[in-house]
S.K.: 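Can you keep this structure in mind? I'll have questions shortly.
Start at 1 with the first residue, then count along the sequence. No hydrogens, no waters, no symmetry mates; every other heavy atom, side chains included, goes into these values.
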Amino acid sequence: MDSSSPFINVSQTFMSFPHVASAFVVIAIFSYYFFRPKCIYLIDFSCYQPPDFLRATVSNFIEHLTISGVFDQESLDLQQKILERSGIGDGASVPVTVHEIPPNSSLSAAREETHDILFTVVEDLFLKHKIDPKSIDILVSNCSLFCPSPSITSIIINRFGMRSDIKSFSLSGMGCSAGLLSINLVKDLMKIHGDSLALVLSMEAVSPNGYRGKCKSMLIANTIFRMGGAAILLSNREQDKPNAKYKLQHLIRTHVGSDNESYESVMQQIDEEGNVGVALSKQLVKVASKALKINVVELGPQVLPYSEQLKYIVSFIKRKWGMQKEVYTPNFKKAFEHFCIHAGGRAIIDGVEKHLKLDKEDVEASRSTLHRYGNTSSSSLWYELQYLEAKGRMKKGDRVWQIGFGSGFKANTAVWKCISEIDSKDRNAWSDRIHLYPVSGDGSSALET
C-alpha cells in the first residue's frame, strides 16, 4: 500500500500493541519503584542511664524538700503523700544541680543537664554503629520546657561537628508526647528527602522546672519528673534494612486542644505569688482517655483483624438500638504483641490498662519504667521498649504499640514491627538491674526488698 494512502495498515497497528503494553508495564514498574512510599527503619536507639550517685530515694527526696526551706508543712505533706503513691522507686534520678540545697535552677544548670544526657546517648549510638556524625542528614530534638538559644540541635551540631547542610529542627512546648511527634516529622521529611539518615533526640530538663509555690495542682510535677533522655537513629535507605531493629508501620496523631477542658489539663502557668510551674488537672486521666479513644478509632481499622472490627460494629449498632449498654472494646492483643504506655504516672497507666482491657503483663514495661526511672517525659516510651528487649520478649515479627500523651492535649501512637533478632544480652539502660523486675504488688522491686 502506498505510504500516502489514507487507509491504516491494521496489521501493523495490532502488531504494535504488545510493544505498547510492554512500555506501559516498564513505566508502571519504574513509577512504583521511584514513587512508592519508602519504609522508615529504626536502626537502633540509646537511653540515658544516670550514674548511681544521682539516685534520689524517696526518703532522701522528702528530706531534701524539707531542708531546702522552700515549702510550708502542708505542701511538704502533700508532696510526700503523692510521692509515696506515685509508683516511683528509689532508683529514679535527678540532675546533680537538683541535689544541691537549695536546688540550682539556673540556665547553666539546665545546659549542664542537657549536655550530660544528650552527649552521652548520642556518643553511645554513634560508637556502637560506627556512625560518622557528618552522615546525619536530618536532626530533630524535642524538649518541652527548656528552649535555649542556640537551640538544642545547634548544641549537638557544634559538639559533633555535623554538616552545614543538615536539616535541623528543635521542638519545644509539645509535652510528653513530643517523642512520637518528632518521629512523625522525620517520617514526613523522608517523603521528600530520599536515602536519608535521621537522628531524633527526646528529653526533658528537670533542673529549671521545679515549682516553689503552694498550689496543689502544680506541686504534683515536682514529685514525678525525673532525669532521662533517648537518641533514636532512623533511616529510609534500603541498605540499612539488614541492620535495623524495627520498621515503622503506623503513626497516628490526635489533638483535642479545641476542647477547653483538654487544653487546660496540663498547663504551665504562674501562681498568685509569681511562681512558675506546670499545673496538672484532676481531669487529666479523663482527658487522656478521650484523646486515646479518638486515636484508636483512626488506628483500629488499620491494625485490627476483621473479626474484631465486626464485633465492634455490631455492638455499636446494638447500643444505638438500646440492646446493650456498652460498646465492645476490641482485643488489641490480636493486633499487637507488646504495649508501651507513656509512664506519666500510675493513674495514667491504670487508666489505659482499664480502657483497653489489658492484662498486668501488658503494662509491665510501663510500670517498671515508672518505678526505675520515673516520668522521663517523651523518652519514657524508649525506656519501655528497651525493657522488653532486655527481658528477651521482643521477637522477630512482633508488633509493638507505643502510646504517648502530652499537653495540648495530644495522644500520639506509633506501631513498629520487629524485623531482626533482638539479643537480650546487648547492653542497655536495663542490663544492670533487669533481673530485679517486674515490681511486686506493693510497688517495690527486689532491690528494695
S.K.: Step by step, work out the side chain to side chain contact (heavy atoms under 4.5 Å, CB included) result for K286 and K290.
M.R.: CA-CA 6 Å; K286 173 187 171 185; K290 173 186 174 182; 5.8 Å; no
S.K.: Should the pair R55-D90 be classified as a salt bridge under the 4.0 Å nitrogen-to-oxygen rule?
M.R.: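 Salt bridge: no.
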S.K.: Between N375 and E204, is there a side-chain donor-acceptor contact under 3.5 Å, judged purely by atom types and distance?
M.R.: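 Side-chain D/A pair, E204 to N375: absent.
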S.K.: To the nearest 0.5 Å, what is the distance between OG (S182) and CG (L199)?
M.R.: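 Reported to 0.5 Å precision, the distance equals 10.5 Å.
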S.K.: One pair to check against side chain to side chain contact (heavy atoms under 4.5 Å, CB included): I43 and L234. What are the steps and the verdict?
M.R.: CA-CA 6 Å; I43 298 175; L234 302 165; over 6 Å; no
S.K.: Under 4.0 Å between a side-chain nitrogen and a carboxylate oxygen: does that hold for D271 and R212?
M.R.: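 Salt bridge flag = no for R212 with D271.
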S.K.: Taking NZ, NE, NH1 and NH2 as the nitrogens, is one of them in R427 or D432 under 4.0 Å from a carboxylate oxygen of the other?
M.R.: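 No salt bridge links R427 with D432.
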S.K.: Checking side-chain polar atoms at under 3.5 Å, does S379 have a donor or acceptor matched by the opposite partner on T376?
M.R.: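 A donor-acceptor contact under 3.5 Å links the two side chains.
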S.K.: Less than 4.0 angstrom from a charged side-chain N to a carboxylate O is my criterion; do D398 and K417 meet it?
M.R.: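 Judged by the 4.0 Å cut-off on N to carboxylate O distance, D398 and K417 do not form a salt bridge.
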S.K.: Could you measure the distance from the CG atom of L201 to the OG atom of S141? Nearest 0.5 Å is fine.
M.R.: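 Going from CG on L201 over to OG on S141, the span is 6.0 Å.
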S.K.: For residues S380 and T369, is any side-chain donor paired with an opposing acceptor at under 3.5 Å?
M.R.: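 No, because no side-chain N or O of S380 sits under 3.5 Å from a partner of the opposite role on T369.
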S.K.: With no hydrogens and no angle check, just 3.5 Å: does a side-chain donor-acceptor pair link W416 and Q402?
M.R.: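 Side chains of W416 and Q402: pair found under 3.5 Å.
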S.K.: Taking the inter-plane angle between the rings of Y373 and W430 on a 0 to 90° scale, is it parallel (under 30°), tilted (30 to 60°) or perpendicular (over 60°)?
M.R.: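 Plane angle over 60°, so perpendicular.
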S.K.: Shortest non-hydrogen contact from V58 to I88?
M.R.: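 Looking at all heavy atoms of both residues, the closest pair is CG2-O, 4.0 Å.
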S.K.: Go through it in stages, so that I can follow the logic: the residues are Y41 and N243, the test is side-chain hydrogen bond (donor to acceptor under 3.5 Å, both in side chains), and I'd like the CA-CA distance, side-chain angles, deciding distance and then a yes or no.
M.R.: CA-CA 9 Å; Y41 299 109; N243 300 319; over 6 Å; no
S.K.: Any carboxylate oxygen within less than 4.0 angstrom of a Lys/Arg side-chain nitrogen, looking at D44 and K245?
M.R.: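 Between K245 and D44 there is a salt bridge, with a charged N closer than 4.0 Å to a carboxylate O.
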S.K.: Does E421 come within less than 4.0 Å of K396, counting only side-chain N to carboxylate O?
M.R.: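 Here E421 does not pair with K396 in a salt bridge, since their nearest N and O are not under 4.0 Å apart.
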S.K.: Can you tell me how the ring of F339 sits relative to the ring of F336, calling it parallel under 30°, perpendicular over 60° and tilted otherwise?
M.R.: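 Perpendicular, since the angle between the ring planes exceeds 60°.
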S.K.: Can you tell whether the side chains of R367 and E353 come within less than 4.0 Å, N to carboxylate O?
M.R.: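 Salt bridge present between R367 and E353.
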S.K.: Between T223 and Q79, does a side-chain hydrogen bond (donor to acceptor under 3.5 Å, both in side chains) hold up when you go through it step by step?
M.R.: CA-CA 6 Å; T223 65; Q79 290 179 88; over 6 Å; no
S.K.: Salt bridge (Lys or Arg N to Asp or Glu O under 4.0 Å) between K333 and D362: does it pass, once the steps are laid out?
M.R.: CA-CA 9 Å; K333 288 188 285 185; D362 298 323; 3.6 Å; yes
S.K.: Looking at residues at least two apart in the chain, or sitting in another chain, which of them share a side chain to side chain contact (heavy atoms under 4.5 Å, CB included) with E364?
M.R.: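 For E364, the residues satisfying side chain to side chain contact (heavy atoms under 4.5 Å, CB included) (neighbours in sequence not counted) are E361, S368, Y387, K391, R393, P438.
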S.K.: First locate atom OG of S281, then atom CD of E261, and finally report the distance between them rounded to the nearest 0.5 Å.
M.R.: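 CD of E261 is found 6.5 Å from OG of S281.
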S.K.: Is there a donor in the side chain of S170 and an acceptor in the side chain of T153, or the other way round, less than 3.5 Å apart?
M.R.: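 Their side chains do contain a donor-acceptor pair, which is all the 3.5 Å distance test asks for.
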S.K.: Anything under 30° is parallel, anything over 60° is perpendicular, the rest tilted; go ahead and classify Y437 against H371.
M.R.: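 Perpendicular.
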S.K.: Any carboxylate oxygen within less than 4.0 angstrom of a Lys/Arg side-chain nitrogen, looking at K241 and E238?
M.R.: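 No.
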